[in-house]
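Just so you know, these numbers come straight off a predicted model, no measurement behind them. Protein chains get the first letters and strands the later ones, always in sequence-line order, with residue 1 at the start of each.
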There are 2 protein chains.
Amino acid sequence: MKKRKLNSTNHINEKAITSGCPITSTVLAIGGRWKIIILWQLKDGSLRYNEIRKAIPNISEKMLIQQLKELMQSCWVDKKDYNEIPPRTEYSLTKLGKSFMPILENIYEWGTKNKITAIGQKTAANN
Amino acid sequence: MKKRKLNSTNHINEKAITSGCPITSTVLAIGGRWKIIILWQLKDGSLRYNEIRKAIPNISEKMLIQQLKELMQSCWVDKKDYNEIPPRTEYSLTKLGKSFMPILENIYEWGTKNKITAIGQKTAANN
DNA sequence: ACCTTTACTGCCTAAAAAGTAAGTACACAC
DNA sequence: GTGTGTACTTACTTTTTAGGCAGTAAAGGT
């Protein structure tokens, strides 16, 4: 799915970092633009592929599938395939995924309180 | 510092996401490979440029400066320049940066407990 | 005159992430 | 036999991120 140059400094650094630091490895596992949004959608229960897609209007099908696959590989999300035609699949958080939700909620609160705006402006809690 | 194509879908999506979701905006603000590591180094007090560099062996000077700049722009980190020759600068967390440390510690614990390995293996808390 | 130290800057390339557009499969309805 | 719905796949391009490496400034040492 990803083609990586295994001996690039880029890749070596990423490996070193993720194997050395539980924070970084966690954040990189749910990094990128879409994964957290997907997890957040699933926090209240399982959803069909199309339901996720409708809930996240801007995501392309390719991106959604790709991110879901990566989330499944890293065991944040499970998929149930009903083997029907037309297809029906349902995605849900694994126990691992669910266990991370309190942290996401903390970040939600923190982010809301501090009005972080990506490349953020100075706000409430500053020097 | 970043040259962005302001009307690319890529950029538009990023803006939409970060303005709409406090979690995503927070995580993207400290995203990338190095920012969290830098913040983590600073959690116990201010450090000189070279001290950070030695603490993070793999980072290049260009990357370190770039990440520090971005962290300053988004008000996670402050810089004190002593205007000496040879130069002396000290970096430290802002109040905002400090206020995020408890969350980082939560993630540290969670990551340690769940042995997340980047593109992770199934571990303790799974279905 | 030349080297060292510290904290940078700039230009270029490599690699990865994100996006675009089209196509696939199968069952059912019309 | 053409069209619809669902959940994908594939090939390709654009955009962004990461890294390589040389260069800069200014004071002080030798």
Taken to the nearest whole Å, CD1/B/I56 to C1'/D/dA18 is 15 Å

Whole angstrom value for the distance that separates C1' of C/dA16 from NE2 of A/H11: 11 Å

Just to be sure I understand the rule, does A/T9 reach a base, reach only the sugar-phosphate, or reach nothing, if contact means heavy atoms closer than 4.0 Å? sugar-phosphate

A/K43 atom NZ, neighbour heavy-atom count above 12 within 6.0 Å: yes

Touch check for B/R53, heavy atoms < 4.0 angstrom, all strands: base, sugar-phosphate only, or nothing? nothing

Got a second to check how far B/N58's CG is from A/E14's CD, nearest 0.5 Å? 12.5 Å

Just the rounded figure in Å: distance from P of C/dA17 to CG of B/N10. 13 Å

Remember a base hit wins even if backbone is also touched, and classify B/E61 as base, sugar-phosphate or nothing at under 4.0 Å, heavy atoms. base

Any idea how A/Y91 and A/Y49 line up, ring-wise: parallel (<30°), tilted (30 to 60°), or perpendicular (>60°)? tilted

Output yes when B/E90 and B/K79 qualify as a salt bridge under the 4.0 Å nitrogen-oxygen rule, no when they do not. no

Between atom CZ in B/R88 and atom C1' in D/dA25, what is the gap in whole Å? 18 Å

Between atom CG of A/L28 and atom CD1 of A/I17, what is the distance when rounded to the nearest 0.5 Å? 7.0 Å

Using heavy atoms to find the nearest nucleotide of DNA chain C for A/S8 and B/R48 separately, return the residue whose nucleotide is more 5′. B/R48

B/R4 side chain near D/dT17 phosphate (N/O to OP1/OP2, under 4.0 Å): yes

Candidate nucleotides D/dC8, D/dT9, C/dA18, ranked by approach to the side chain of A/K69 - the nearest: D/dT9

What's the closest nucleotide to the B/N50 side chain, out of D/dA7, C/dA7, D/dG19? C/dA7

Mind calculating the distance between CD (A/E14) and C1' (C/dA16) to the nearest angstrom? 9 Å

Look at the side-chain N and O atoms of B/Y91 and state whether any lies under 4.0 Å from the OP1 or OP2 oxygen of C/dC8. yes

In whole angstroms, how far is the C1' atom of D/dT14 from the CD1 atom of B/I12? 13 Å

Under 4.0 angstrom, heavy atoms only, what part of the nucleic acid is A/N13 near: base, sugar-phosphate, or nothing? sugar-phosphate

Can you tell me how far P of D/dA7 sits from CD of A/Q66, to the nearest Å? 19 Å

Roughly, in whole Å, what's the span from CD1 in A/I65 to C1' in C/dT24? 13 Å

Considering heavy-atom distances to DNA chain D, does A/R33 or A/K54 have its closest nucleotide positioned more toward the 5' end? A/K54

Shortest side-chain distance from B/K62, nucleotide among D/dA27, D/dA7, D/dA18: D/dA18

Among D/dC8, C/dA16, C/dT6, find the nucleotide with the atom closest to the side chain of A/Y49. D/dC8

Answer with base, sugar-phosphate or nothing: what part of the nucleic acid does B/Y82 contact at a heavy-atom distance below 4.0 Å? nothing

Listed nucleotide nearest any side-chain atom of B/P86, set D/dC8, C/dT5, D/dG19: C/dT5

So, OP1 or OP2 of D/dC8: does either fall under 4.0 Å of a side-chain N or O from A/K79? yes

Respond yes when some side-chain nitrogen or oxygen of B/T89 is under 4.0 Å from OP1 or OP2 of C/dC8, and no when none is. yes

State the CD1-CD distance between A/I65 and A/E70, to the nearest 0.5 angstrom. 12.0 Å

